[in-house]
Amino acid sequence: MLVNMNTKKLILEKILYCEEWLKKLMNQNKMEKVIVGMEPTGHYWLNLAHFLKEQNIKFVVVNPIGSRSLKFQLVILDQILS
């Protein structure tokens with residue numbers, strides 16, 4: 001698959017934004033380590049996964065069906081506890 005330079009630049013910008021966002025969250029929550037979870041939607045997650053691996057940041061790939069089910073369970077639990 002050929003990717004033009006503008007697309008590569010945009011991908012890099014988005015990945016660097018994610019990195020800054022992740023560092024900000026880690027600082028706010030006084031965390032030294034983090035594991036990133038992502039749904040493997042098409043091929044779009046691969047660039048981020050490669051970047052995370054290069055940065056020695058652990059990540060897991062989550063089944064979209066399972067994560068959707070978990071989201072609904074959390075919403076229901078939140079409603080019950082509220």
Side-chain angles (χ1 to χ4, degrees):
M1 179 168 123
L2 294 175
V3 179
N4 66 37
M5 290 305 290
N6 289 334
T7 303
K8 285 183 181 180
K9 182 180 176 187
L10 181 61
I11 290 169
L12 181 59
E13 287 174 2
K14 297 290 184 182
I15 288 174
L16 293 176
Y17 174 81
C18 287
E19 180 185 28
E20 290 303 315
W21 176 76
L22 189 59
K23 286 179 181 178
K24 181 179 174 182
L25 284 176
M26 290 173 69
N27 287 334
Q28 287 175 348
N29 294 290
K30 298 177 177 77
M31 296 169 28
E32 294 181 19
K33 295 181 182 180
V34 68
I35 298 176
V36 175
M38 64 182 100
E39 294 181 355
T41 308
H43 64 280
Y44 302 103
W45 65 280
L46 290 171
N47 289 318
L48 180 58
H50 287 292
F51 176 80
L52 293 171
K53 185 174 181 181
E54 289 173 359
Q55 301 300 313
N56 292 319
I57 299 173
K58 292 186 180 191
F59 63 93
V60 294
V61 179
V62 181
N63 184 326
I65 294 171
S67 65
R68 187 174 304 117
S69 173
L70 178 59
K71 288 175 195 172
F72 288 127
Q73 291 173 21
L74 292 175
V75 168
I76 292 169
L77 181 60
D78 184 54
Q79 291 173 349
I80 291 170
L81 297 175
S82 296

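Nothing here was measured: the structure is a model prediction, and the numbers come from that model.
The CG atom of Leu46 sits 9.0 Å away from atom CE of Met38, with the distance rounded to the nearest 0.5 Å.
The heavy-atom pair separating Gly37 from Val62 by the smallest distance is CA-CG2, 4.4 Å.
Residues Leu10 and Trp45 are members of separate hydrophobic clusters, defined by side-chain heavy-atom contacts under 4.5 angstrom among Ile, Leu, Val, Met, Phe, Trp and Tyr.
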For residues 15-30, which side-chain donor-acceptor pairs fall under 3.5 Å, sequence neighbours excluded?
{"from": "Asn27", "atom 1": "ND2", "to": "Lys23", "atom 2": "O", "distance (Å)": "3.4"}
{"from": "Asn29", "atom 1": "ND2", "to": "Leu25", "atom 2": "O", "distance (Å)": "2.8"}

